[in-house]
There are 2 protein chains.
Amino acid sequence: MYSILDVAKLAKVSKSTVSRVLSGDSYGVSDKTKAKVEKAAKELGYVKNSLASSLRTNKTKTILLIIPDITNNFWAEVARGAQDFLEKHDYSLIMVNTDWKSDKYNKYLELALSKGVDGILINSSTSLTSKLNNIDLPIVLLGNAYLESHFPRVGSNTLEGFNEALEFLYKNGHTKIGVVASHTDTVGGKSHQNKLSIYHTFLENHSIRFNKNYYFSVGYSMEGGKELATLISKMENPPTAIIAGNDLIAVGLINECRELNIKVPDDLSIIGIDDIPISSIIHPSLTTIAKPKRDVGEKAAEIIIKVIEGQPVNKNYKLPVNLVIRDTVKKINGDLK
Amino acid sequence: MYSILDVAKLAKVSKSTVSRVLSGDSYGVSDKTKAKVEKAAKELGYVKNSLASSLRTNKTKTILLIIPDITNNFWAEVARGAQDFLEKHDYSLIMVNTDWKSDKYNKYLELALSKGVDGILINSSTSLTSKLNNIDLPIVLLGNAYLESHFPRVGSNTLEGFNEALEFLYKNGHTKIGVVASHTDTVGGKSHQNKLSIYHTFLENHSIRFNKNYYFSVGYSMEGGKELATLISKMENPPTAIIAGNDLIAVGLINECRELNIKVPDDLSIIGIDDIPISSIIHPSLTTIAKPKRDVGEKAAEIIIKVIEGQPVNKNYKLPVNLVIRDTVKKINGDLK
DNA sequence: AAAAGTTTTGGGAACGTTCCCAAAAATTAT
DNA sequence: ATAATTTTTGGGAACGTTCCCAAAACTTTT
């Protein structure tokens with residue numbers, strides 16, 4: 001591996017000049033010597049030692065991505081989006097997984113300090129904010145969260161999508177619409193309430209009477225979907241449509257409906273939230289509120305670079321979701337009350 | 001951020017002593033001073049500057065992971081396995097995606113040099129070996145490959161699984177067994193042949209006559225599976241079981257069978273290869289040869305650390321696959337003709 | 001109690017950059 | 001032609017470690 005001094009010797013200039021040319025703007029270097037240096041560098045196949053550079057400049061052009069689990073497609077998409085953007089701006093990405101275990105955060109935060117990363121992209125978790133405050137580094141939070149913090153955050157506008165889904169069902173004749181908002185929804189604080197308040201506003205707008213049985217609380221998993229199917233199968237006045245808490249619930253619901261002989265979408269229309277890969281493949285394929293996962297990653301990367309460069313950024317970015325219409329919603333002749 | 005000198009001053013020792021204590025073995029440091037140093041470091045909240053350390057030692061404790069796409073669950077699992085292992089040994093992982101584009105490799109290989117990573121984990125691609133030879137860094141290849149190279153490789157023993165699947169079908173009464181080995185299979189060289197030779201050996205062992213119509217060649221995608229279903233539906237003497245080239249084909253096949261009114265597994269038993277997340281969720285859930293994706297990542301990480309440390313390693317690691325029995329294979333009374 | 005040996009400690013150099021400042025060279029003004 | 005100005009170049013210091021070597025502080029031996 002050649003150093004800047006080798007290049008300097010070959011080009012017959014000083015290391016300072018080589019540095020000026022090779023580290024970017026080459027301000028104050030004549031075109032002639034610039035060409036000489038570039039030729040010499042190329043001839044030797046010089047590649048810069050980022051470590052030395054970083055040590056001097058205090059910039060590593062590296063971002064630490066802290067996510068729960070890269071194996072979860074949601075986070076993989078976010079990571080991919082972030083990496084694509086960062087790469088374009090010559091940043092690298094170090095990835096770690098927490099499995100939601102809070103003790104891991106300390107470790108990774110120290111890693112960030114030790115490696116001297118220029119910024120941290122991290123999923124927003126309730127237990128975290130206090131720790132983050134002690135870190136003197138640019139930080140951008142990933143995903144929606146319901147707690148306040150002074151860090152910029154990039155998430156998606158799920159509530160808008162939720163409303164869109166309600167309206168879509170209404171347009172298709174549904175008035176008996178069930179919604180899922182589980183206990184886990186309340187953990188963060190406000191999401192649950194907001195979802196319900198949107199639901200109530202929707203009902204009022206369309207003069208539909210609230211039926212408390214149409215509000216379901218199940219776990220955010222396929223198991224929860226299965227439970228949901230059982231619940232619905234036992235109702236004497238079941239909803240004709242349901243907006244699941246996420247796609248996992250929806251998929252579990254679809255599968256269990258087959259067992260319970262509930263026809264989807266003939267007996268029950270279903271809308272999910274997320275748009276995970278399975279949703280387009282399962283039969284019938286799932287109509288769902290697609291979260292802009294990759295965009296979230298990209299935007300977060302964009303924001304953190306801005307923060308690093310000292311540019312002003314907003315505190316909250318809510319990226320638009322997108323209702324993907326597939327096969328789990330049926331147009332019916334709604335018996336309008 | 002405090003440096004080693006701040007710690008030294010507080011502990012009233014020299015920086016050398018601090019370095020000795022804080023960089024590991026603290027050989028030749030008395031217990032008393034060691035305690036002093038550790039106390040001082042803790043008091044200041046000292047965290048080591050890895051950049052400076054790496055510059056001096058020429059070790060970064062960082063591995064570069066080059067994969068096609070983290071969004072593909074297979075690679076996400078591999079990445080996760082690698083990261084988990086590396087983390088335990090205090091290595092970090094930088095991740096990049098190539099999308100199979102060969103021009104990206106040059107870029108990433110230079111990145112590796114510039115950042116001074118200690119090793120590279122990279123998916124084995126045909127076009128790549130020549131480039132890799134120019135790199136003076138520990139390299140471990142990920143996944144099966146059909147070309148020779150002097151780098152250690154970690155893959156899975158798919159052929160053994162293929163054979164196991166054949167025997168499993170036979171045990172369940174199947175003798176009319178279709179297999180998929182597409183054109184893409186031949187690209188690398190030998191896999192295709194081996195798959196077929198195993199198939200032939202199997203047939204001979206059980207005195208089953210070879211039917212060339214039971215050998216299918218379709219694309220390795222859901223589209224390919226759809227095509228396969230159409231092909232089979234038109235046969236006058238169709239197979240009773242089929243081993244798809246991978247799970248994607250199998251899933252496409254399952255879905256299209258529904259359309260074509262072929263009952264799975266009653267009319268057609270199906271076995272996939274890979275065990276992707278969808279396979280356990282689709283209905284009927286797919287019996288498949290599960291690849292040890294995470295193990296591959298872990299093993300590769302283990303191997304590269306060994307290489308870095310100068311320990312001897314084998315050239316080829318083939319991790320065992322595992323036949324996951326789910327719902328797409330039916331026991332029949334085979335007409336043992 | 002001095003010599004020899006061993007353990008523990010400290011100071012300087014080095015890793016490869018970038019940055020600062022001054023010197024040299026080239027250009028323009030007088 | 002010389003002075004003043006601007007452009008271009010070079011040398012040294014610094015970033016925070018680790019490593020080498022020598023000095024200092026202890027132990028043991030005679």
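Please read all numbers here as calculations on a predicted model, not as lab measurements. Chain A is the first sequence line, chain B the second, and so forth, proteins listed ahead of strands; every chain is numbered from 1.
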For the pair made of [atom1] in [X] and [atom2] in [N], what is the distance, rounded to whole Å?
X       : N      : atom1 : atom2 : result
A/Leu22 : C/dT18 : CG    : P     : 8 Å
A/Lys9  : D/dT9  : NZ    : P     : 20 Å
B/Lys12 : D/dA24 : NZ    : P     : 21 Å
B/Asn49 : C/dC15 : CG    : P     : 18 Å
A/Leu5  : C/dA14 : CG    : P     : 13 Å
A/Tyr2  : C/dC15 : OH    : C1'   : 18 Å
A/Asp31 : C/dA25 : CG    : P     : 20 Å
A/Lys32 : C/dT27 : NZ    : C1'   : 15 Å

* **Touch class at under 4.0 angstrom, heavy-atom based, for B/Leu51 against every strand present** =>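 Answer is nothing: B/Leu51 stays at 4.0 Å or more from every strand.
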Please confirm whether the shortest side-chain N or O distance from [X] to OP1 or OP2 of [N] is below 4.0 Å.
X       : N      : result
A/Ser14 : D/dG10 : yes
B/Thr33 : C/dT9  : yes
B/Ser30 : C/dT9  : yes
B/Lys48 : D/dT18 : yes
A/Thr57 : C/dC19 : no

Tell me whether [X] at atom [atom1] has more than 12 heavy atoms from other residues, nucleotides or ligands lying less than 6.0 Å away.
X        : atom1 : answer
B/Lys34  : NZ    : no
B/Asp103 : CG    : yes
B/Lys61  : NZ    : yes

* To do: State, with a plain yes or no, whether a side-chain heavy atom of B/Leu121 is found less than 4.5 Å away from one of B/Ile67.
  =>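 The answer is no, as the side chains (C-beta and beyond) never meet within the 4.5 Å cut-off.
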* Check: B/Thr17 side chain, C/dG10 base, donor-acceptor under 3.5 Å ->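 Absent.
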Closest listed nucleotide, where the reference is the side chain of [X] and the choices are [options]:
X       : options                : result
A/Ser3  : C/dG16, D/dT17, C/dT9  : C/dG16
B/Val13 : C/dG10, D/dT17, D/dG11 : C/dG10
A/Ser16 : D/dT18, D/dT9, D/dG12  : D/dG12

* Asked: Is it true that A/Glu302 and A/Lys88 have a side-chain N and a carboxylate O under 4.0 angstrom from each other?
  ->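 Answer for the salt bridge query: no.
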* **Salt bridge present between B/Arg80 and B/Glu77 (N-O < 4.0 angstrom)** =>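 Salt bridge absent between B/Arg80 and B/Glu77.
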* Asked: Which sits closer to the 5' end of DNA chain C, A/Arg20 or B/Arg56, going by the nucleotide each is nearest to?
  ->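 Here B/Arg56 is the residue nearer the 5' end.
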* **A/Ser19 or B/Leu55, whichever maps to the more 5' nucleotide of DNA chain C** =>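 Mapping each residue to its closest nucleotide by heavy atoms, the 5'-most match is B/Leu55.
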* To do: Name the residue closer to the 5' end of DNA chain D, choosing between A/Lys15 and A/Tyr27 according to the nucleotide with the nearest heavy atom.
  =>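 Checking each residue's closest nucleotide, the 5'-ward one belongs to A/Tyr27.
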